[in-house]
Amino acid sequence: MKMVILDADTLGACDLSEIESLGEVVSYGFTLPNERIERSLGAEILITNKVVLDESVLSALPDVRLICITATGMNNVDLDYAAKRGIEVKNVAGYSTTSVAQHTLSMALSLLARLPYYDEYCKSGDWCKSNIFVHINGGLREIENLQWGIIGFGNIGQRVATLAQSFGAKVSYYSTSGKNTQSGFTRKELNEILSQSDIISIHAPLNDKTKNLINAANLPLLKNEAILINVGRGGIVNEKDVAQILKSKVMYFATDVLESEPMEANHPFLDKTIADKLLITPHIAWAYDKARGRLLKLVARNIQNFIDKNK
């Protein structure tokens with residue numbers, strides 16, 4: 001059974017042997033739109049993370065019977081056309097909960113301590129010129145007893161809540177779906193979360209309820225020195241509005257996701273005047289070593305189940 005991986009580079013350096021044991025595998029690091037059909041011809045199984053497989057592509061690929069998405073989101077595949085053709089589409093879920101939660105804590109702790117600043121202070125040679133053994137210039141805040149508000153209280157949000165609580169933070173949450181009512185944590189409305197929290201982390205999906213949820217109208221509610229973290233989806237936070245308020249307000253913003261990825265060359269977060277208030281990572285919160293291992297095992301399981309079902 002021929003399988004084609006269309007964007008293997010999105011997985012980083014990882015072991016594909018479990019997938020390769022299931023059939024003939026052809027792997028491409030990255031696939032441009034005009035390469036999708038040619039590279040997929042003859043394949044029964046397509047494996048993709050973000051390569052778009054719409055009707056115009058799938059209609060030219062008569063052999064495709066299964067699409068495996070190496071992510072949870074499925075918006076890059078035309079699901080209606082796939083169903084009409086009888087093409088199965090399988091995603092993976094739950095593999096990155098621990099990874100994203102750890103990344104969230106790393107961002108919060110880094111900004112509380114202003115680690116990038118102190119690291120640069122030492123590496124620049126400035127510490128070598130000091131008359132004293134220590135250099136204290138802001139940050140260095142303890143997390144214990146700080147108010148931590150969580151926006152989006154699914155599996156990842158709940159895991160972050162547990163970790164934050166273990167550090168002594170006081171946790172509350174806003175349910176973007178309105179469905180979560182966790183008795184162990186205080187539920188609040190969005191404006192309460194924004195105005196009362198010292199740290200706010202976002203773990204929500206992007207949908208009609210969350211699009212542009214954090215914007216110029218409610219960003220002024222944040223406390224001075226508040227930390228806002230987005231590890232949900234780009235588009236939940238209005239990036240231009242955040243960049244603008246960072247110029248006048250003492251607050252910090254960390255994000256692993258942007259509305260348009262990769263980052264655009266003229267992005268407002270590249271403004272050097274706000275660089276010390278920003279922490280940006282390139283959509284890697286999901287990609288810690290064990291999380292990628294779990295992801296590939298789940299993809300292999302989806303393929304094995306398909307093969308067994310179609311023997």
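Just so it is clear, the structure is predicted and the values come from calculations on it, not from any experiment.
Judged by distance alone, with hydrogens and angles left aside, the side-chain atoms of Thr31 form a donor-acceptor pair with the main-chain N or O of Leu6 at under 3.5 Å. Under the 3.5 Å distance criterion, the side-chain polar atoms of Thr162 are matched with a main-chain donor or acceptor of Gln158. Using modelled atom types, no side-chain atom of Asn91 and backbone atom of Met74 make a donor-acceptor pair closer than 3.5 Å. Within the 3.5 Å criterion, the main-chain N or O of Ala226 finds no donor-acceptor partner in the side chain of Asp198. Asn218 places no side-chain N or O within donor-acceptor distance of the main-chain N or O of Asn191, the cut-off being under 3.5 Å. Panel note: side chain Ser166, backbone Leu163; a donor-acceptor pair is recorded below 3.5 Å. Between the side chain of Arg114 and the backbone N or O of Asn137, at least one donor-acceptor pair lies under 3.5 Å.
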Problem set entry | salt bridge (Lys or Arg N to Asp or Glu O under 4.0 Å) between Glu259 and Lys211, intermediate numbers included | CA-CA 10 Å; Glu259 186 167 11; Lys211 176 72 174 175; 2.5 Å; yes
For this session: Kindly indicate, with the supporting measurements, whether the criterion salt bridge (Lys or Arg N to Asp or Glu O under 4.0 Å) is fulfilled by Lys2 and Asp63.
Result: CA-CA 10 Å; Lys2 182 179 178 181; Asp63 297 315; over 6 Å; no
Problem set entry | Step-by-step side-chain contact (heavy atoms from CB on, under 4.5 Å) determination, Ile150 to Phe185 | CA-CA 10 Å; Ile150 296 175; Phe185 299 96; over 6 Å; no
For this session: Check the pair Asp54, Arg36 against side-chain contact (heavy atoms from CB on, under 4.5 Å), reporting the backbone distance first and the verdict last.
Result: CA-CA 10 Å; Asp54 53 22; Arg36 292 172 295 175; 4.2 Å; yes
Exercise. Run the side-chain contact (heavy atoms from CB on, under 4.5 Å) check on Val237 and Thr255 step by step: do they pass?
Worked result: CA-CA 10 Å; Val237 175; Thr255 189; over 6 Å; no
For this session: Please lay out, stage by stage, how Glu18 and Leu296 fare under the test side-chain contact (heavy atoms from CB on, under 4.5 Å).
Result: CA-CA 8 Å; Glu18 194 164 350; Leu296 291 170; over 6 Å; no
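Here the closest non-hydrogen pair linking Lys188 and Gln147 is NZ-OE1, 4.3 Å. Of all heavy-atom pairs spanning Ile193 and Ser172, the tightest one is CD1-OG, 3.4 Å. The minimum heavy-atom distance linking Pro205 with Thr210 is given by the pair O-OG1, 2.6 Å. Across all non-hydrogen atoms, the minimal contact from Tyr288 to Ser106 is OH-OG, 4.3 Å. The two residues Val25 and Ile19 have their closest heavy-atom pair at CG2-O, 4.0 Å. Across every non-hydrogen atom of Ser99 and Ala291, the tightest pair is CB-CB, 3.7 Å.
Look at Glu225 and Arg141 and you find a salt bridge, because one of the NZ, NE, NH1 or NH2 atoms lies within 4.0 Å of a carboxylate O, short of that distance. Comment: Glu55 does not engage Lys84 in a salt bridge, judged by the lack of any side-chain N to carboxylate O separation of less than 4.0 angstrom.
For the pair Val89 and Leu53, the minimum side-chain heavy-atom distance is 4.5 Å or more. Proximity of Ile47 to Ile303: side-chain heavy atoms (C-beta onward) are separated by under 4.5 Å at one or more points. Two residues are said to be in side-chain contact when any heavy atoms from C-beta on lie closer than 4.5 Å; Tyr95 and Thr72 meet this criterion. Between Val242 and Glu239, the closest side-chain pair of non-hydrogen atoms is not below 4.5 Å. Residues Pro282 and Pro262 are not in side-chain contact: their nearest non-hydrogen atoms beyond the backbone lie 4.5 Å or more apart.
Note on Val51 and Ile69: same hydrophobic cluster, where clusters join Ile, Leu, Val, Met, Phe, Trp and Tyr whose side-chain heavy atoms are under 4.5 Å apart, directly or indirectly. With hydrophobic clusters built from ILVMFWY side chains whose heavy atoms lie under 4.5 angstrom apart, Trp148 shares a cluster with Val100. Taken together through direct or relayed side-chain contacts under 4.5 Å among Ile, Leu, Val, Met, Phe, Trp and Tyr, Ile5 and Ile67 form parts of separate hydrophobic clusters. Grouping the Ile, Leu, Val, Met, Phe, Trp and Tyr side chains by contacts below 4.5 angstrom, directly or via other members, places Val257 apart from Ile202. Under the 4.5 Å side-chain heavy-atom criterion for Ile, Leu, Val, Met, Phe, Trp and Tyr, Phe306 and Leu298 are members of the same hydrophobic cluster.
Rounding to the nearest 0.5 Å gives a distance of 10.5 Å between OG1 of Thr104 and CG of Leu109. Once rounded to the nearest 0.5 Å, the distance linking CG of Leu270 with CG of Leu278 reads 9.0 Å. Atom-to-atom distance recorded for Ile45:CD1 and Ser40:OG is 12.5 Å, nearest 0.5 angstrom. To the nearest 0.5 angstrom, Lys290 atom NZ is 13.0 Å from Lys297 atom NZ. To the nearest 0.5 Å, atoms OG (Ser27) and CG (Asp7) are separated by 9.0 Å. Between the OH atom of Tyr174 and the OG atom of Ser197 there is a distance of 13.5 Å, given to the nearest 0.5 Å.
Listed by chain and number, the residues in a ring-ring contact (aromatic ring centres under 6.0 Å, His included) with Tyr173 are Phe153 (sequence neighbours excluded). Tyr117 is linked by a ring-ring contact (aromatic ring centres under 6.0 Å, His included) to His135, counting only residues two or more places apart in sequence or in another chain.
A ring pair (Phe, Tyr, Trp, His ring centres under 6.0 Å) check over residues 6-40, counting only residues at least two apart or in different chains, returns nothing.
Among Asp241, Asn230, Asn238, Leu219, the one residue that satisfies the side chain to side chain contact (heavy atoms under 4.5 Å, CB included) test with Ile214 is Leu219.
Crowding of Tyr121 atom OH: a count of heavy atoms from other residues, nucleotides or ligands under 6.0 Å exceeding 12. Crowding of Lys90 atom NZ: a count of heavy atoms from other residues, nucleotides or ligands under 6.0 Å not exceeding 12. More than 12 heavy atoms of other residues, nucleotides or ligands sit less than 6.0 Å from atom CD of Glu261. A 6.0 Å sphere centred on NZ of Lys170 holds no more than 12 heavy atoms belonging to other residues, nucleotides or ligands. Atom CZ of Arg292 has more than 12 heavy atoms from other residues, nucleotides or ligands within 6.0 Å.
Arg159 and Thr97 share no side-chain donor-acceptor pair at under 3.5 Å.
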